[in-house]
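First up is the structure itself, then whatever we jot down about it.
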Amino acid sequence: MQKNSRYLVTAALPYANSFTHIGHIAGAYLPPDIYVRYRRLAGDEVIFICGSDEHGTAIEMASIQEGVPPQQIIDRYHFANKKGFDDLKIEFDIYSRTSNEEHHKTAKEFFLTLYEKGILTQKTDKQLFSEKENRFLADRFVTGTCPVCGYENARGDECENCGSNLSPLELINPKSKITGDTPVVKESTHFYFPLADFQQKLDEWINTKTDWKQNVLNYCKGWLKTGLKDRAITRDLDWGVKVPLKDNEGKVIYVWFEAPIGYITATKELFQNKGDAEGWKKYWFDENTKLIHFIGKDNIVFHALIFPAMLMGHGDYILPYNVPANEFLNIGGLKQSKSRGTGILVKDIVEKFSVDSIRYALAATLPENRDTDFTWEDLQARNNNELAAILGNFVNRTVVFAKNKFENKIPVRSSDSTESVELFNYVRNQTTLIAQNLDAFKFKDALSEAMNIARNANKYFNDTEPWKLIKSDKDKCAAVINDCLRLCFSLAVVFRPFLPDASDKILKILKSSIADLKWDDAANPKINDGEELGENIILFPIIEDEQISKNVKTDSNEAANTQSGGDDSGIGLITIDDFKKVVLKIAEVLECENVPNSKKLLKLRLKVGDKEKQIVSGISEHYRPEDLIGKSIVLVDNLKPSKLMGIESQGMLLAAKLGKELRIVTTDGAIDSGAEVN
RNA sequence: GCCGGGAUAGCUCAGCUGGUUAGAGCGUCGGAAUCAUAAUCCGUAGGUCGGGGGUUCAAGUCCCUCUCCCGGUACCA
């Protein structure tokens, strides 16, 4: 076990244009929080850094689309996400943001240092320029006709219709997405970071990292094999850190370059707040500091190659000691995706379940080696069958026993039985094993070994049968219960990094001091023989089935909501004008038949007032064609037509869905077709 | 298309450089116990390790091939 070292731990900076979901937590935030809590218990010097990443086109775009200043966008997500971390007891020493002044200063200094060292190169490219706005247009700010498939609303960076990657210059009839005017081609000069020059140094450096996780090394080697390309580090954009050189008006530092510098800024701020303005230097300049970046796999290339190259280029800073990246956490087999609206948001889950239940369920299924799957049923099972049944129950049965048979006092132990000695030898071994796993970033193994202590504790209780001893040998019984209470203490220590709330509660029941708690105390519990116990608390209430089925329902609703909207904001509120965009009408089903070879499609011929329409609907698993003929349904009349299995569908019908159940929406009593619904 | 990763008990996952009868947790089933949030403890069953072929004394682990999933990247003159 590494002792008394200095650690600089960072968690990926969440991008401030969406709410964090539990995949983010499992990937990049819970592991470092566990790690940091453990390191502190082990006596190491640690700081834990994070903050919002608040620049870039996506945020500027959102600001334009919503018609509000960028500041309003980033405030919304910064504070919401910060609160989400607080709610999950993920406790950074500082949660900063890249929009603040100190960061602009630090990022500019970093840029200038590279510039003055002659590392940066410049290249001139053709780009689209809006004369009306007097500015260059970023890729996403341009739409036009796709040169490949002819789709008219292709974005500047890709065509959503055919999937082609595009450059804005390739678009036919390009238009500014902001004003609609036609941009002209103009030359723009940008700064580049010569990543290719660092290829060899990075290769050699990565090769020394034999203890890194295999998945991380694989990604790196893949990139190195392909060959690193120079990357532009400036953009023509308003929202960001201005390029600190003359004749570069309208240019900002590219967000990928500037964001990781946020780790440095946040460290500076942390020490400024402490009144130790120079304190950050021993973290970023001292070779003995271990810099550890916790991230998701999408960030590996930035943290394991690009940022280190930047740091190498700059020269003053230490390089990462480790980058323990995780894979992704899926939900019920589906990807969590902002744009698709699938996923479980932190702000929602914390309203429904306790911090420890969430932390445990996530920690037990961390995507350490590959993508893993989270389900609500799993959360329930983990809580009820493991937390409550094994850990919670052991503490409870012990405390209740002491309360009933020993006047709610910690019984005094008169002698150590051999079983008792063996028991705490076992605890000592487990404590070491858990520490080894945590040192190696094997959080799942560590957690499972901690739970094994609780299993063994229950076994000890069962085997010694204190409920019999109390009648036959009260002294021995006292020793057993004393042991069990000491085990509660041990459990409070080893679970402390994972379940901070439960740990506090146990220590409170035992009236043990929290202040100077040490990891090694787990094997040498500090309880006060003879003293009265605190109030007993149920650590993990059972999660009932209804609490789970409710969630399955909201998930599918959320997923359905985003099919049409594409609104990433997650707010979910619309105005009456938004609603008026949708024309709903009553339609009568004239004909209905199965679509051959399809799994769930029905083709319906509808009468809508004096019109007739054909739609295709995916409900044949729930309705037979003959069931629908003659029924009145609610139709979305102004839906853009589309083809399903080659058949045109000119609208969609409304249906209510819950789990596997589905019912079409109809009217309360008869009304002629064509009637508007609102 | 190319590169990389995945596919292991009902479920969620472990299985470094190939080596005894393939593991854990949960769930199942049977038993014991009754201090405890009907919570515990013991035991049982469950897998031709995605399909096929090969190397080897020996392969989940190496090689080839196929199928399916997930990333990345290229092309669609």
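A quick note: this is a predicted structure, and the numbers were derived from the prediction, not measured. Below, chains carry the letters A, B, ... as their sequence lines are ordered, and counting in each starts from 1.
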- Query: Distance-only, no hydrogens or angles: does the A/Ser420 side chain make a donor-acceptor pair with backbone N or O of A/Asp416 under 3.5 Å?
  - Reply: no
- Query: Near A/Lys229 NZ, under 6.0 Å, is it more than 12 heavy atoms from other residues, nucleotides or ligands?
  - Reply: no
- More than 12 heavy atoms of other residues, nucleotides or ligands under 6.0 Å from CD of A/Glu535: is that the case? no
- Considering only atom P, compute the distance from B/rU48 to B/rG60 and round it to an integer number of Å. 13 Å
- Parsed dot-bracket for RNA chain B after applying the Watson-Crick and G-U rules with both distances under 3.5 Å and | for other-strand partners is (((((((..((((.....[...))))..((((.......))))......(((((..]....))))))))))))....
- Given B/rG5, B/rC26, B/rA7, the nucleotide with the shortest approach to the side chain of A/Arg455: B/rC26
- For atom P, what is the distance between B/rU67 and B/rG25, given to the nearest Å? 38 Å
- Please check if any side-chain donor atom of A/Tyr460 sits under 3.5 Å from a side-chain acceptor atom of A/Glu419, or the reverse. no
- Query: Which nucleotide in the list B/rU37, B/rA14, B/rU40 gets nearest to the side chain of A/Arg370?
  - Reply: B/rA14
- Query: Are the side chain of A/Thr372 and the backbone of A/Leu329 linked by a donor-acceptor contact shorter than 3.5 Å?
  - Reply: no
- When you get a sec, tell me which of B/rC13, B/rU34, B/rU40 is the closest nucleotide to the side chain of A/Lys468? B/rU34
- In terms of side-chain heavy atoms of A/Asp373, which of B/rG71, B/rA39, B/rU12 is nearest? B/rU12
- Message: A cation-pi test, strictly: NZ or CZ of A/Arg397 under 6.0 Å from the centre of the six-membered ring of A/Phe461 and no more than 45 degrees from its axis. Yes or no?
- Response: yes
- Note on the structure: Of the listed B/rU40, B/rU12, B/rG71, the closest approach to the A/Ala389 side chain comes from B/rU40
- Out of B/rU37, B/rC41, B/rG5, which nucleotide sits closest to the side chain of A/Asn218? B/rG5
- Query: With a centroid cutoff of 5.5 Å and a plane-angle limit of 30°, would you call A/Phe401 stacked on B/rC35?
  - Reply: no
- Item | Minimum-distance nucleotide to A/Asp463 side chain [options: B/rU8, B/rC35, B/rC41] | B/rC41
- Would you mind telling me which of B/rG6, B/rG15, B/rU12 lies closest to the side-chain atoms of A/Asn369? B/rG15
- Judged by nearest nucleotide, the residue sitting upstream toward the 5' end of RNA chain B, A/Asn452 or A/Pro541, is A/Asn452
- Residue met sooner reading RNA chain B from 5', once A/Glu368 and A/Ile537 are mapped to nucleotides: A/Glu368
- What distance, rounded to whole Å, do you find between the two P atoms, one in B/rU40 and one in B/rG4? 47 Å
- Task: Spell out, as yes or no, whether a donor-acceptor pair under 3.5 Å connects the side chain of A/Asp230 to the backbone of A/Ala196.
- Result: yes
- Query: Taking the side chain of A/Asn458 as its heavy atoms from C-beta onward, which of B/rC35, B/rG71, B/rU40 lies nearest to it?
  - Reply: B/rU40
- Return the nearest nucleotide to the side chain of A/Asn393; candidates are B/rA39, B/rC35, B/rC26. B/rA39
- Rounding to the closest angstrom, what is the interatomic distance between B/rA14 and B/rG6 at atom P? 10 Å
